[in-house]
Number of protein chains: 2
Amino acid sequence: MILSKSCEYAIRATVYVALKSRKNEKTGIIEVAGAIGSPMHFTGKILQTLVHKKILLSAKGPTGGFYVENGQDLFLIDIVRAIDGNDLFTSCVLGLEKCSQTQPCPMHEQVKPIRDMLMAEFSKKPVTELVEEFHKHKYFLK
Amino acid sequence: MILSKSCEYAIRATVYVALKSRKNEKTGIIEVAGAIGSPMHFTGKILQTLVHKKILLSAKGPTGGFYVENGQDLFLIDIVRAIDGNDLFTSCVLGLEKCSQTQPCPMHEQVKPIRDMLMAEFSKKPVTELVEEFHKHKYFLK
DNA sequence: ATAATAAAAGATATATTTGTCTTTTATTAT
DNA sequence: ATAATAAAAGACAAATATATCTTTTATTAT
């Protein structure tokens, strides 16, 4: 697995929330979980985390729900870092504590460019683009 | 994490076993765990699995231990598949069940070439090369 | 044959991730 | 003010991954 299940849910949930936000609608846990096919309460926890990490905004009470600031540029890398941290892009592929550029593990040189590319792809992918592609190509979220 | 901890141990353990095999020596659980800095009993389980999957050979009793057939060409991908399976290279990065070439998820096109490259690197890396590099460059296994 | 050795196997324990349920808090509309 | 709504928070449960310990089985050397 490249991303944790939590992180997969987080990305899909954020895209759905952004989707609704573009129509100036807030959306709730039940709706999000239904839309992306994830366990409801668990999704609630993840959304909560995303709010803490400033990826999403939320409002309590009637007319409340989750939403994104429509102007902000939000990239997939932000969500990945918020949920899984940065380890995917930095920690040694063979699990060696002291692996580094100066003291590389046997796979370091082979893997570094690949994970850099992965980071680049997540970094240059705005959530808005996923939203647009969702509409254009009938992408699905579950 | 790209690979599970078990898989990291498995690769490092296999390299160490191959290292000893080149000197026609068998090695035991305690020695392997010491050499790669892994929990002993857990390492035993992993070595056991590697034997089942024909990655390693083993012999019981005095003078016994783990070893590799010196002629066989064994690649890192074989170890990865034996322990973690093939999901790393195939399962959808956003966790969508039906994601495929014909019905791709929003990240499919971006991620596919990257994971193909990763698979290629593991596929073309023989364990013997890690052994040689270990000797040449003073690579470490823990 | 016997004792010693080392892997195999099985049972159990701990940690982490994933998932569920209940209670509390804040907000809105009436 | 009150009731309804929805997120926040906390406690709990299940599943999986990681780790440990004990017993069994096969092999070797004596």
Side-chain angles (χ1 to χ4, degrees), chain A residues 1-14 16-17 20-21 25-34 36-68 80 82-85 87-88 91 95, chain B residues 1-14 16-17 20-21 25-34 36-68 80 82-85 87-88 91 95:
Chain A
M1 281 318 98
I2 292 177
L3 304 176
S4 71
K5 219 160 187 183
S6 296
C7 193
E8 294 173 352
Y9 292 152
I11 292 174
R12 283 148 58 193
T14 301
Y16 185 76
V17 170
K20 301 294 280 189
S21 283
E25 289 173 20
K26 299 194 190 74
T27 178
I29 292 171
I30 297 171
E31 189 182 334
V32 171
I36 71 172
S38 62
M40 182 181 94
H41 295 288
F42 191 52
T43 304
K45 292 292 184 191
I46 292 167
L47 291 170
Q48 207 175 306
T49 304
L50 291 172
V51 170
H52 286 147
K53 299 290 178 106
K54 318 276 191 191
I55 306 284
L56 300 180
L57 297 168
S58 69
K60 285 185 178 182
T63 79
F66 298 91
Y67 60 106
V68 297
V80 173
I83 304 294
D84 282 352
D87 280 8
L88 173 61
S91 81
Chain B
M1 276 326 93
I2 293 178
L3 304 177
S4 71
K5 218 162 186 183
S6 296
C7 192
E8 295 174 352
Y9 293 152
I11 292 174
R12 282 149 58 194
T14 301
Y16 185 75
V17 170
K20 300 294 280 192
S21 283
E25 288 173 21
K26 298 194 190 74
T27 178
I29 292 171
I30 297 172
E31 189 182 334
V32 171
I36 72 172
S38 61
M40 181 181 94
H41 295 288
F42 192 52
T43 303
K45 292 291 185 193
I46 292 168
L47 291 170
Q48 209 176 305
T49 304
L50 292 172
V51 170
H52 286 147
K53 299 289 178 107
K54 317 277 191 190
I55 306 284
L56 300 179
L57 296 169
S58 70
K60 285 185 177 182
T63 78
F66 297 90
Y67 61 105
V68 297
V80 173
I83 304 294
D84 283 352
D87 279 8
L88 173 61
S91 80

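Below, chain A is the first sequence line, B the second, and so on; all start at residue 1.
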#### Entry: Rounded distance (Å) that lies between atom P of dT18(D) and atom CD1 of I83(B)
10 Å
### Task
Locate the shortest heavy-atom distance separating Y9(A) from I36(A); write the atom from each residue and the value.
O-CD1, 3.7 Å
### Message
Distance check needed: dT5(C) C1' versus E31(B) CD, whole Å only.
### Response
15 Å
### Query
Hey, what do you get for OG1 (T63(B)) to NZ (K26(B)), rounding to the nearest 0.5 Å?
5.0 Å
### Message
Could you tell me how far apart K26(B) (NZ) and dT28(D) (P) are, to the nearest whole angstrom?
### Response
8 Å
### Query
When rounded to the nearest 0.5 angstrom, what is the spacing between CG in D84(A) and OG in S4(A)?
3.5 Å
### Message
Under the criterion side chain to side chain contact (heavy atoms under 4.5 Å, CB included), I'd like the reasoning laid out for V51(B) against L57(B): C-alpha separation, chi angles, the key distance, then a yes or no.
### Response
CA-CA 5 Å; V51(B) 170; L57(B) 296 169; over 6 Å; no
### Task
I would like to know whether I11(B) and L3(B) meet side chain to side chain contact (heavy atoms under 4.5 Å, CB included); could you show each step before the answer?
CA-CA 10 Å; I11(B) 292 174; L3(B) 304 177; 3.8 Å; yes
### Query
So, do F66(A) and K20(A) sit near enough that their side-chain heavy atoms are less than 4.5 Å apart?
no
### Summary
dist I55(B):CD1 -> I46(B):CD1 (nearest 0.5 Å) comes out at 13.0 Å
### Message
Please determine whether a side-chain nitrogen or oxygen atom of Y9(A) lies at a distance below 4.0 Å from atom OP1 or OP2 of dG19(C).
### Response
yes
### Summary
Expected string for nucleotides 8-17 of chain D under the B/S/- scheme (protein heavy atoms, under 4.0 Å, primed atoms plus P, OP1, OP2 as sugar-phosphate) is SBBB------
### Query
Between dT27(D) atom P and Y67(B) atom OH, what is the distance in whole Å?
11 Å
### Query
Which part of the nucleic acid, if any, lies within contact of T49(A), taking any heavy atom under 4.0 Å across all strands shown: a base, the sugar-phosphate backbone alone, or nothing?
nothing
### Query
When the distance from CD1 of I30(A) to P of dG19(C) is rounded to whole Å, what number comes out?
18 Å
### Task
Between dA19(D), dT28(C), dG19(C), spot the one nearest the side chain of P39(A), thanks.
dG19(C)
### Query
Is there any side-chain hydrogen bond (donor to acceptor under 3.5 Å, both in side chains) pair reaching into residues 38-61 of chain A, and which pairs are they, with sequence neighbours excluded?
S38(A)-T43(A)
### Query
Looking only at heavy atoms, which two atoms of G44(A) and I29(A) are closest? And how far apart?
CA-CD1, 3.8 Å
### Watson-Crick and G-U pairing of DNA chain D, under 3.5 Å, as dot-bracket with | and [ ]
||||||||||||||||||||||||||||||
### Message
Heavy-atom nearest nucleotide on DNA chain C for T43(A) versus G61(A): which residue maps closer to 5'?
### Response
T43(A)
### Task
Check the distance between dT27(C)'s P and L57(A)'s CG and give it to me in whole angstrom.
14 Å
### Whole angstrom value for the distance that separates C1' of dT17(C) from CG of D84(A)
11 Å
### Query
Over how many whole Å does the gap from M40(B) atom CE to dC21(D) atom P extend?
8 Å
